[in-house]
Amino acid sequence: MLLFSCPNCGPRDETEFHYGGQAHVPYPKDTDAMTDKEWAEFLFYRDNTRGDFAERWVHSTGCRQWFNMLRDTVSYEVKAVYPMGSTSPTPGGQSPAGQFPASTVQTQQKGAQS
Amino acid sequence: MITEHLPEHPDFLWRNPDPKKSYDAVIVGGGGHGLATAYFLAKNHGMTNIAVLEKGWLAGGNMARNTTIIRSNYLWDESAAIYEHSLKLWEILPEELEYDFLFSQRGVMNLAHTLGDVRESIRRVGANKLNGVDAEWLDPQQVKELCPILNISDNIRYPVMGATYQPRAGIAKHDHVAWAFARKCDEMGVDIIQNCEVTGFLKDGNKVVGVKTNRGTINTEKVGLCAAGHSSVLAEMAGFRLPIQSHPLQALVSELHEQVHPTVVMSNHVHVYVSQAHKGELVMGAGVDSYNGYGQRGSFHVIEEQMAAAVELFPIFARAHVLRTWGGIVDTTLDASPIVGLSPVENMYVNCGWGTGGFKGTPGAGLTFAHTIATGAPHPLNAPFSLERFETGALIDEHGAAAVAH
């Protein structure tokens with residue numbers, strides 16, 4: 001069982017959370033102009049990183065809020081937890097679990113989903 | 001008692017050659033699929049100047065970690081065709097490979113626990129029959145007759161409302177399957193090279209011409225990827241992406257018991273599948289862990305839920321002790337069907353996305369993938385399982401239809 005630090009509720013068991021897959025996949029801007037290949041990319045292709053991976057989780061049985069997490073997919077170590085709408089912290093950053101380095105967190109332009 | 005002499009070491013079943021400078025084809029991944037592909041390349045297509053590269057030891061990945069279930073009762077025509085062909089190969093392979101790997105056609109039951117399950121199951125039995133796959137619908141009493149240790153009482157959380165049954169399905173000894181293929185490959189001149197990790201690919205324009213490894217560069221005309229959970233990593237080295245996600249999948253065995261379980265029982269709804277190995281261990285598998293992971297281990301609550309389901313369905317397991325648990329890395333696709341075919345890189349071919357059910361597909365994957373590599377075009381059986389289906393929308397959606405758990 002993994003232990004995750006919810007940004008709102010603190011450290012909780014993994015079973016309280018649900019997985020949302022890769023973070024920072026924006027909804028396509030001009031859907032009418034998209035090719036089949038572009039649709040395939042958006043619908044079916046996600047990074048499958050071996051190593052630090054930015055992903056989304058929701059604290060289903062707690063605050064029910066979504067947040068982002070940078071996690072090593074080999075060791076499963078949580079490298080950073082940061083809010084939706086922020087850019088991914090630099091991979092490999094030594095930020096402790098449950099915190100994120102303020103210098104690397106920027107708010108994306110409105111309309112960009114994370 | 002004093003043992004004076006250790007018994008003589010048995011003969012090795014295959015050589016351990018150093019890699020040559022070049023091969024006609026290189027298969028990356030020395031698991032079941034890689035070995036089966038090499039076997040059919042040599043046997044059906046006369047390609048014997050080929051190598052299988054394995055970064056660890058032979059068949060030490062998912063081939064050593066699966067729960068050995070073999071069946072072909074898939075819903076859709078495309079799946080039924082390739083898995084049934086695979087099952088027919090399982091039926092002749094012990095003789096062809098001259099190796100008794102204990103293929104036991106003891107049948108597989110897929111339990112139904114809800115009215116939805118029942119309807120879906122009966123529909124699948126009908127579809128199976130139309131595709132020449134043996135399938136029956138069993139009511140709870142028939143389930144009990146076939147597998148007396150199953151609890152069919154109404155007083156459990158998910159009562160057994162019936163089951164589909166495929167009599168020709170069963171289990172086999174996974175390690176021995178790999179060794180059987182490896183020995184035959186070796187006899188035909190295929191080089192099986194262990195401890196040989198691929199670190200990159202040599203390309204001439206968009207055509208692959210070689211493989212970089214920790215044991216030197218190998219030139220080759222064709223490359224076949226059979227790396228299961230690590231397929232994305234290899235694809236990235238080659239410069240393309242695959243629509244797969246790698247997840248941990250866990251399984252466990254109990255201590256040895258006398259034979260009590262005559263068949264194989266699977267339940268999608270409660271996420272457990274159970275058989276009993278020839279030696280006597282109860283072998284159980286779970287559903288995948290939700291998160292992406294390359295760690296070959298998962299979270300304990302998944303095992304806990306799986307055991308809870310198993311003990312409710314099989315009350316006599318309550319006092320059995322877990323001997324060991326483990327995890328593998330499974331490469332899942334969004335339609336729960338594999339990808340076997342061409343890749344965006346010329347002369348490079350991919351076999352991946354078998355997810356939680358690759359073991360049963362070993363011979364079918366090998367046969368069709370070998371055809372694809374040798375001829376540069378898919379075999380009719382793997383043509384529907386192309387990478388393009390994610391663009392065309394011709395998905396083969398086996399989620400739930402033929403069992404989430406494989």
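These numbers come from the heavy atoms of this one structure, side chains and all, not from hydrogens, waters or symmetry mates. In what follows, every chain begins at residue 1, and chains take the letters A, B, ... in the order their sequences are listed. Note that the structure is a prediction, hence the values are computed from the model and not measured.
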Exercise. Looking at A:Y76, is B:R297 sitting on its ring face, NZ or CZ under 6.0 Å from the six-membered ring centre and within 45 degrees of the normal?
Worked result: yes
If I take atom [atom1] from residue [X] and atom [atom2] from residue [Y], how far apart are they, to the nearest 0.5 angstrom?
| X | Y | atom1 | atom2 | answer |
| --- | --- | --- | --- | --- |
| B:H247 | A:T73 | NE2 | OG1 | 11.0 Å |
| B:S299 | A:D13 | OG | CG | 10.0 Å |
| B:I244 | A:R46 | CD1 | CZ | 14.5 Å |
| B:R241 | A:F44 | CZ | CZ | 13.5 Å |
| B:F300 | A:M1 | CZ | CE | 9.5 Å |
| B:L242 | A:Y45 | CG | OH | 7.0 Å |

Exercise. So which part of A:E41 gets closer than 4.5 Å to some heavy atom of chain B, the side chain, the backbone, both or neither?
Worked result: side chain
Problem set entry | Interchain contact, A:T49 with chain B, by part (heavy-atom threshold 4.5 Å) | backbone
Exercise. Should the heavy atoms of other residues, nucleotides or ligands under 6.0 Å from NE2 of B:H269 be counted, would the total exceed 12?
Worked result: yes
Exercise. Take atom CD in B:E236; do more than 12 heavy atoms of anything else shown fall under 6.0 Å from it?
Worked result: no
Exercise. Looking only at atom types and distance, does a side-chain atom of B:Q245 sit under 3.5 Å from a main-chain N or O of A:D47, one as donor and one as acceptor?
Worked result: yes
Problem set entry | Sole candidate of A:F17, A:F53, A:W57 that passes side chain to side chain contact (heavy atoms under 4.5 Å, CB included) when paired with B:Y291 | A:W57
Exercise. For the candidates A:E55, A:E14, A:H18, A:R50, which exhibits the highest count of non-hydrogen atom pairs separated by less than 4.5 Å from chain B?
Worked result: A:R50
Problem set entry | Check: A:N48/B:S246 side-chain N/O donor and acceptor closer than 3.5 Å | yes
Exercise. Looking at B:V233, B:N292, B:L334, which one has more heavy-atom pairs under 4.5 Å with chain A than the rest?
Worked result: B:N292
